[in-house]
Asker: 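The following block contains the structure, expressed as structure tokens.
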Amino acid sequence: MNLNIKDTFNKELPADPILENSRRQVEKACFSYVHPKRTSKPELLHVSPEMIENLGLSKEDSQSDIFLKIFTGNTLLPNTKPYAMCYGGHQFGNWAGQLGDGRAINLAEVTHKNKRWALQLKGAGATPYSRTADGFAVLRSSIREYLCSEAMYYLGVPTTRALSLALSGDQVLRDVLYNGNPEYEKGAIVCRVAPSFLRFGNYEILAARQDFSTLKILVDYTVKHFFPHLGEPSKETYLAFFSEVSQRTLDMIIHWQRVGFVHGVMNTDNMSILGLTIDYGPYGWLEGFDYGWTPNTTDRQHKRYRYGNQPNIGLWNLYKLANALYPLIEETDGLEAILDEYKTGFEVKFLEMMRSKLGLLIKDDSDVALIKDLENNLLLTETDMTIFFRKLSDFNNEKASEGIKVVKDAFYISEEITEDIQQKWNTWFEKYAERLSREEVTSEERKEKMNLVNPKYVLRNYMAQLAIDDADKGNYKLIDDLFQLLKNPYNEQPEHEKWFAKRPDWARHKVGCSMLSCSS
């Protein structure tokens with residue numbers, strides 16, 4: 001197995017001088033050296049063929065014993081020094097101080113075909129940043145992360161990726177709902193892959209400690225390797241860097257809103273500096289369209305990270321990053337202008353995104369009202385977001401009166417469709433039909449374009465839970481079935497029609513389907 005290892009993070013940035021793997025505050029350093037913990041009986045459950053290829057490996061490599069050992073932390077890659085990153089973060093709006101890679105260990109950086117990939121094991125043991133935790137991961141959360149990161153990629157959403165999913169062979173004690181009833185579960189390890197796992201919190205911790213010299217080293221490193229087109233370090237470059245991070249963050253969140261994805265825990269330590277979806281914990285997809293929905297039990301009271309608030313939280317987090325970068329820029333006007341651009345940019349990009357979901361190519365001033373009326377209607381009764389928008393592509397604008405029949409499968413409780421609700425939908429479909437009549441495309445062309453942005457298949461929580469339930473019994477086939485399904489989320493795939501369905505009743509209140517904790 002031959003990987004082209006080109007480490008930069010642990011060679012160009014200051015390291016923690018203490019080599020002992022003890023929980024502690026790590027200062028004036030960007031990372032700590034740490035070795036993964038050996039596992040008792042590792043077993044590879046799944047590998048992403050595309051990521052194997054992206055790293056310059058072969059299928060035969062992925063089936064080798066050395067691959068299994070490396071990507072479960074039992075053997076180190078030659079001439080590498082694994083490490084855990086130091087970062088802080090704002091959690092649920094409050095500064096939490098040092099956090100860091102508590103259950104993630106970076107193995108190495110690999111280059112292939114002019115692309116850089118950082119390899120990171122999640123669940124491979126404790127680090128100096130683990131605080132009171134053990135640094136391990138369980139199978140249920142690892143299945144969710146592995147499947148979701150790859151599913152998001154194929155949806156066209158900026159995301160970190162996953163290379164492999166493996167059992168550790170060890171048992172891990174977890175309290176799923178934080179209710180004082182911990183149980184032993186199967187331990188697992190995911191190899192996550194991204195150009196970089198740098199987060200807003202990597203910069204925040206240095207600014208909070210007023211370690212501005214290390215902050216400058218880290219920002220310069222980030223620009224050099226991931227934003228080289230911005231040029232040599234200067235205040236103008238740092239502003240341009242922040243501007244690009246802001247736009248990437250906005251683009252990512254617009255994609256989340258498009259497909260109905262709710263991250264669940266948008267703390268600043270879970271925000272990628274590259275605008276990638278990172279840290280798949282208590283995430284979920286909207287079943288019924290609901291701006292107030294959050295999948296995170298920890299967030300249930302205040303719903304800070306609810307679906308409709310994700311764009312606002314993106315902006316709030318960018319304010320915190322702006323504060324962290326301020327010591328290098330020393331003026332607020334440029335930073336505030338960039339944050340204002342985010343606000344106006346969201347309005348423009350959200351409107352563009354919603355037009356695309358509705359198959360509207362021509363811009364029309366009436367579209368804002370049309371979209372607002374649609375959102376109001378979607379809230380009249382529980383309406384499945386994914387099914388609604390996918391079925392909408394079948395709407396015939398010459399038969400507006402049949403509109404509600406076209407999308408009827410999206411309604412969870414058909415008995416709730418009263419005459420009043422039906423009339424509101426009929427009124428909307430009449431307006432939609434009139435608007436479509438002004439488009440210069442055929443119904444077939446519109447359907448094709450709509451089906452490129454409105455997925456037919458997403459990783460609903462109940463689907464992931466079925467795979468988890470099977471895996472707990474030693475049956476891992478559904479992991480691959482879902483992996484293959486979600487590689488083509490916009491295709492019809494008639495052989496998999498059973499997955500194009502509303503959430504079943506049994507999943508409405510089941511743990512893992514509607515309720516998820518940060519340990520999920």
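Everything numeric in this text was worked out from a predicted model, so none of it was measured. Computed from heavy atoms alone, side chains included, the values below leave out hydrogens, waters and symmetry copies.
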Asker: Would you call the rings of Y291 and F289 parallel, tilted or perpendicular, taking 30° and 60° as the class edges?
Answerer: perpendicular
Asker: Would you check if the side chain of Y319 reaches a backbone N or O of G314 as a donor-acceptor pair within less than 3.5 Å?
Answerer: no
Asker: Would you indicate whether the side-chain heavy atoms of S164 and C191 approach each other to under 4.5 Å?
Answerer: yes
Asker: Does the ring center of H496 lie less than 6.0 Å from the ring center of Y457?
Answerer: no
Asker: Side chains of R503 and Y412: closer than 4.5 Å at any heavy-atom pair?
Answerer: yes
Asker: Hey, which of W293, Y307, Y305, W256 is the one that makes ring-ring contact (aromatic ring centres under 6.0 Å, His included) with F261?
Answerer: W256
Asker: After noting the C-alpha distance and the side-chain angles of Y280 and T159, does the key distance pass the side chain to side chain donor-acceptor pair (under 3.5 Å) rule?
Answerer: CA-CA 10 Å; Y280 290 94; T159 180; 2.5 Å; yes
Asker: So, for A467 and L482, which heavy atoms are closest and what is the spacing to 0.1 Å?
Answerer: CB-CD1, 4.0 Å
Asker: Salt bridge or not for E402 and K408, using N-O below 4.0 Å?
Answerer: no
Asker: Rounded to the nearest 0.5 Å, how far does CG of D367 lie from NZ of K363?
Answerer: 10.5 Å
Asker: Would you kindly check if the NZ (Lys) or CZ (Arg) of K320 is within the cone defined by 45 degrees around the ring axis of W316 and under 6.0 Å from the six-membered ring centre?
Answerer: yes
Asker: Hey, does the side chain of Y238 reach the backbone of V219 with a donor-acceptor pair shorter than 3.5 angstrom?
Answerer: no
Asker: Might you point out which heavy atoms bring L198 and L218 nearest each other, and give the distance in Å?
Answerer: CD2-CD1, 3.9 Å
Asker: Check step by step if side chain to side chain donor-acceptor pair (under 3.5 Å) holds for Q423 and T427.
Answerer: CA-CA 6 Å; Q423 184 53 51; T427 301; 3.3 Å; yes
Asker: Going from CZ on F31 to CG on D101, what distance comes out if it is rounded to the nearest 0.5 angstrom?
Answerer: 12.0 Å
Asker: Looking at E331, I'd like to know if its CD atom is crowded, meaning that more than 12 non-hydrogen atoms belonging to other residues, nucleotides or ligands lie closer than 6.0 Å.
Answerer: yes
Asker: Can you check whether V265's main-chain N or O pairs, donor with acceptor, with N270's side chain at less than 3.5 Å?
Answerer: yes
Asker: For D373, does its backbone N or O pair with a side-chain atom of W428 as donor and acceptor, under 3.5 Å?
Answerer: no
Asker: Would you check if there is a donor-acceptor pair between the side chains of T277 and Y283 at a distance under 3.5 Å?
Answerer: no
Asker: Run the ring-ring contact (aromatic ring centres under 6.0 Å, His included) test on Y87 and F200 for me, step by step, so that the C-alpha distance in whole Å, both residues' side-chain angles and the decisive distance to 0.1 Å come before the verdict.
Answerer: CA-CA 8 Å; Y87 50 82; F200 290 13; over 10 Å; no
Asker: Should the heavy atoms of other residues, nucleotides or ligands under 6.0 Å from CD of E497 be counted, would the total exceed 12?
Answerer: yes
Asker: Taking atom types as modelled and ignoring hydrogens, do the side chains of K424 and N377 form a donor-acceptor contact shorter than 3.5 angstrom?
Answerer: no
Asker: Would E232 and T237 count as a side chain to side chain donor-acceptor pair (under 3.5 Å) here? Give the steps.
Answerer: CA-CA 7 Å; E232 294 299 311; T237 300; over 6 Å; no
Asker: Establish, from distance only, whether the side-chain atoms of S243 and Q247 form a donor-acceptor pair under 3.5 Å.
Answerer: no
Asker: Closest heavy-atom contact between G97 and I205?
Answerer: C-CD1, 4.0 Å
Asker: Within the side chain of Q493, is there an N or O that forms a donor-acceptor pair under 3.5 Å with the backbone of L485?
Answerer: yes
Asker: Taking 4.0 angstrom as the limit, do E150 and R161 come out as a salt bridge?
Answerer: yes
Asker: Provide the closest heavy-atom pair for M271 versus I278 in the form atom of the first, atom of the second, distance.
Answerer: N-CG2, 4.1 Å
Asker: Going through the checks in order, is the salt bridge (charged side-chain N to carboxylate O under 4.0 Å, His left out) test met by E330 and K235?
Answerer: CA-CA 8 Å; E330 296 180 313; K235 290 186 179 182; 3.0 Å; yes
Asker: I'd like to know if R116 and E109 make a salt bridge, using a cut-off of under 4.0 Å between side-chain N and carboxylate O.
Answerer: yes
Asker: Restricting to non-hydrogen atoms, name the atom on T294 and the atom on V262 that form the minimum distance, rounded to 0.1 Å.
Answerer: CA-CG1, 4.5 Å
Asker: State whether a side-chain donor-acceptor pair under 3.5 Å links S437 with N397.
Answerer: no
Asker: For the atom pair CG (L119) and CG (L55), what is the distance rounded to the nearest 0.5 Å?
Answerer: 5.5 Å
Asker: For the pair K510 and D505, find out whether any cationic side-chain nitrogen is under 4.0 Å from an anionic carboxylate oxygen.
Answerer: no
Asker: If you draw a 6.0 Å radius around NZ in K431, do more than 12 non-hydrogen atoms from other residues or ligands fall strictly inside?
Answerer: no
Asker: Between Q484 and D480, is any side-chain donor less than 3.5 angstrom from a side-chain acceptor?
Answerer: yes
Asker: Measuring from D340:CG to L335:CG, what's the distance to the nearest 0.5 Å?
Answerer: 11.0 Å
Asker: Okay, side chain of D269, backbone of G201: is any donor-acceptor separation there less than 3.5 Å?
Answerer: no
Asker: By salt bridge (charged side-chain N to carboxylate O under 4.0 Å, His left out), which residues pair with K449, not counting sequence neighbours?
Answerer: none
Asker: For a quick test of reading the model, state the closest non-hydrogen atom pair linking D220 to P233 and the distance between them.
Answerer: OD1-CB, 3.4 Å
Asker: Report the C-alpha distance between Y153 and E50 in whole Å, list the side-chain angles of each, state the deciding distance to 0.1 Å, and finish with yes or no for side chain to side chain donor-acceptor pair (under 3.5 Å).
Answerer: CA-CA 11 Å; Y153 171 77; E50 184 173 343; 3.1 Å; yes
Asker: Measure from the side-chain N and O atoms of N309 to the backbone N and O of R304, and report whether any donor-acceptor pair falls under 3.5 Å.
Answerer: yes
Asker: Restricting to side-chain contact (heavy atoms from CB on, under 4.5 Å), what partner residues turn up for K372, sequence neighbours left out?
Answerer: E375, N376
Asker: Ion pair present between D279 and R192, side-chain N to carboxylate O less than 4.0 angstrom?
Answerer: yes
Asker: Any chance the side chains of E341 and S246 put a donor and an acceptor closer than 3.5 Å?
Answerer: no
Asker: Within 45° of the axis and under 6.0 Å from the centre of the six-membered ring of F500, does NZ or CZ of R390 qualify?
Answerer: no
Asker: Counting neighbours of CD on E440 that are heavy atoms of other residues, nucleotides or ligands and sit closer than 6.0 Å, is the number greater than 12?
Answerer: no
Asker: Less than 4.0 Å between a side-chain N and a carboxylate O, is that true for R248 and E244?
Answerer: yes
Asker: To the nearest 0.5 Å, how far apart are NZ in K391 and CZ in F389?
Answerer: 15.0 Å
Asker: Donor-acceptor pair, Q310 side chain versus H263 backbone, under 3.5 Å?
Answerer: yes
Asker: Which distance, rounded to the nearest 0.5 Å, do you find between the OG1 of T268 and the OH of Y203?
Answerer: 12.5 Å
Asker: Compute both the distance and the angle, then confirm whether R258 meets the cation-pi test with F350: under 6.0 Å from the six-membered ring centre, within 45 degrees of the axis.
Answerer: no
Asker: Working note: K303 + D290, criterion salt bridge (charged side-chain N to carboxylate O under 4.0 Å, His left out); need CA distance, chi angles, decisive distance, verdict.
Answerer: CA-CA 12 Å; K303 297 188 176 183; D290 181 0; 5.7 Å; no
Asker: Is a side-chain N or O of N451 found less than 3.5 angstrom from the main chain of S393, in a donor-acceptor match?
Answerer: no
Asker: Using modelled atom types and a 3.5 Å cut-off, is there a donor and acceptor pairing between side-chain atoms of E439 and backbone atoms of I362?
Answerer: yes
Asker: Please verify the inter-ring angle class for F483 with Y146; under 30° counts as parallel, over 60° as perpendicular, anything in between as tilted.
Answerer: parallel
